[in-house]
Amino acid sequence: MSKKLKKTREKRGKQLVLSIVFLVLGFMLAFSYRTIGSKQQVLSPEQTNLFQQEEQYRADLIEQQERNKELTNELLEKQKEVHSFEQDFSDKEKNHAVLVEKARDLRLLLGDIPSKGPGIKVTLEDADYDPSVQNPNDYIVHESHVLRVINELKIAGAQGMTINGQRINSNSYIKCTGPVIMVDGRTFPAPFIIEAVGDPKVLSPALHLKGSVIDGLLRDNIVVTLEDMKEVQLPAIRDEV
């Protein structure tokens, strides 16, 4: 083979190799261009804006959820404050009602206001005079007898009392003068009627206790009559003449 022919073949071989290389490079460039083009198509301006909006909505949603959580916690705190206020107000109302009731009980005991309700009536009378007895005072009702009844009724919870219609209180003055007694400066003859407002089931047994008030009055020859009353009306001290 001549050198000329050999060179010609080598030259053709190199051209063939170069052609194959360029073909491969061209294919690779075409593939890369198509891939980049497709990516550019996915990230078009409209789609990019939509993606940004979605991201913004997602961020807004997260922010709103956090705000809702804060508001929920704030609402719970306010509800606790309202509950505490209501409880405090309720306690104050109860305390106020208790104080009003106590004030009313004190006014009843002082005789500042009229009193009405169930109660009892106790009548004390002088016993029949016995000429054989040297001391007629042994048959007369004295202030000590009246005070025994009054004190026992106070202990038993009487809300108010009168003696012959005269309202009495803790400062009332009772004095015996012969066959009559004086109550706060007013004179009353026998029989002496003591009326008290309170529970008859409590007041009456208190006087009937063995060895208590009524037993002592009977030993002193005092005629005692006790009656349960469905309603007793007591005037206020300021209403009396």
Side-chain angles (χ1 to χ4, degrees), residues 89-127 140-177 179-241:
F89 180 77
S90 177
D91 293 340
K92 287 182 179 179
E93 284 294 306
K94 291 178 181 178
N95 293 335
H96 178 71
V98 171
L99 291 175
V100 170
E101 187 65 23
K102 288 183 177 179
R104 178 179 175 276
D105 291 340
L106 289 174
R107 291 191 181 97
L108 287 172
L109 292 175
L110 293 173
D112 290 341
I113 58 176
S115 180
K116 180 175 68 173
I120 63 172
K121 181 170 71 172
V122 182
T123 303
L124 305 180
E125 299 182 72
D126 298 335
I140 295 176
V141 178
H142 298 284
E143 72 266 20
S144 59
H145 300 130
V146 176
L147 288 173
R148 286 185 208 172
V149 176
I150 291 175
N151 291 334
E152 188 64 33
L153 291 176
K154 285 181 180 179
I155 295 173
Q159 293 181 346
M161 286 175 280
T162 59
I163 299 176
N164 287 26
Q166 168 78 23
R167 185 73 178 269
I168 62 173
N169 56 32
S170 58
N171 296 321
S172 290
Y173 177 75
I174 301 174
K175 180 177 177 58
C176 176
T177 306
V180 300
I181 63 172
M182 295 184 63
V183 180
D184 295 335
R186 299 182 63 183
T187 302
F188 299 98
F192 305 112
I193 300 174
I194 302 170
E195 292 182 299
V197 171
D199 188 353
K201 295 180 180 179
V202 176
L203 300 181
S204 182
L207 297 177
H208 278 102
L209 290 174
K210 186 176 181 180
S212 185
V213 175
I214 290 183
D215 284 350
L217 294 174
L218 294 177
R219 283 196 301 269
D220 290 344
N221 300 314
I222 304 301
V223 179
V224 183
T225 304
L226 191 150
E227 181 181 359
D228 291 348
M229 306 289 290
K230 292 184 178 180
E231 182 175 275
V232 176
Q233 294 186 358
L234 308 180
I237 289 179
R238 63 175 177 269
D239 293 336
E240 298 170 359
V241 180

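This is a predicted model, so every value here is computed, not measured. Numbering starts at 1 and runs along the sequence shown.
In terms of heavy atoms, R167 sits closest to Q159 at NH2-O, 4.4 Å. Minimum heavy-atom separation, I222 to L218: O-CD2, 3.6 Å. In plain terms, the two heavy atoms of N169 and N171 that are nearest each other are OD1-N, 2.8 Å.
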Item to check | I150 vs I174, side-chain contact (heavy atoms from CB on, under 4.5 Å): CA-CA, chis, key distance, verdict | outcome: CA-CA 11 Å; I150 291 175; I174 301 174; 3.6 Å; yes
Item to check | Check against side-chain contact (heavy atoms from CB on, under 4.5 Å), I120 and L153 | outcome: CA-CA 10 Å; I120 63 172; L153 291 176; 3.5 Å; yes
Checklist entry - Should V224 and L124 be marked as a side-chain contact (heavy atoms from CB on, under 4.5 Å) after you check the CA-CA gap, both sets of side-chain angles, and the distance that decides it? => result CA-CA 5 Å; V224 183; L124 305 180; 4.0 Å; yes
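In this structure, C176 and H145 have side chains that are not in contact, with every pair of non-hydrogen atoms separated by 4.5 Å or more. Considering only heavy atoms from C-beta on, V183 stays 4.5 Å or farther from N164 through its side chain. Side-chain contact between T177 and T187 is absent, with no heavy atoms from C-beta onward closer than 4.5 Å.
For the salt bridge (Lys or Arg N to Asp or Glu O under 4.0 Å) condition, the pairs that include at least one residue of residues 144-162, sequence neighbours left out, are R148-D220.
Taking the side chain to side chain donor-acceptor pair (under 3.5 Å) definition, one finds that E227 meets it with nothing, sequence neighbours left out. Contacts of D184 classified as side chain to side chain donor-acceptor pair (under 3.5 Å), with partners at least two apart in sequence or in another chain: S172.
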Would you list the atom pairs, donor with acceptor, under 3.5 Å between side chains in residues 188-217 and any protein atom, with sequence neighbours excluded?
{"from": "D199", "atom 1": "OD1", "to": "K201", "atom 2": "N", "distance (Å)": "3.0"}
{"from": "H208", "atom 1": "ND1", "to": "S204", "atom 2": "O", "distance (Å)": "3.1"}
{"from": "D215", "atom 1": "OD2", "to": "G211", "atom 2": "N", "distance (Å)": "2.7"}

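Here the straight-line distance linking atom CD1 of I163 with atom CD1 of I168 works out to 4.5 Å at 0.5 Å rounding. Within the model, atoms CG of L226 and NZ of K121 stand 10.5 Å from one another, a figure rounded to the nearest 0.5 Å.
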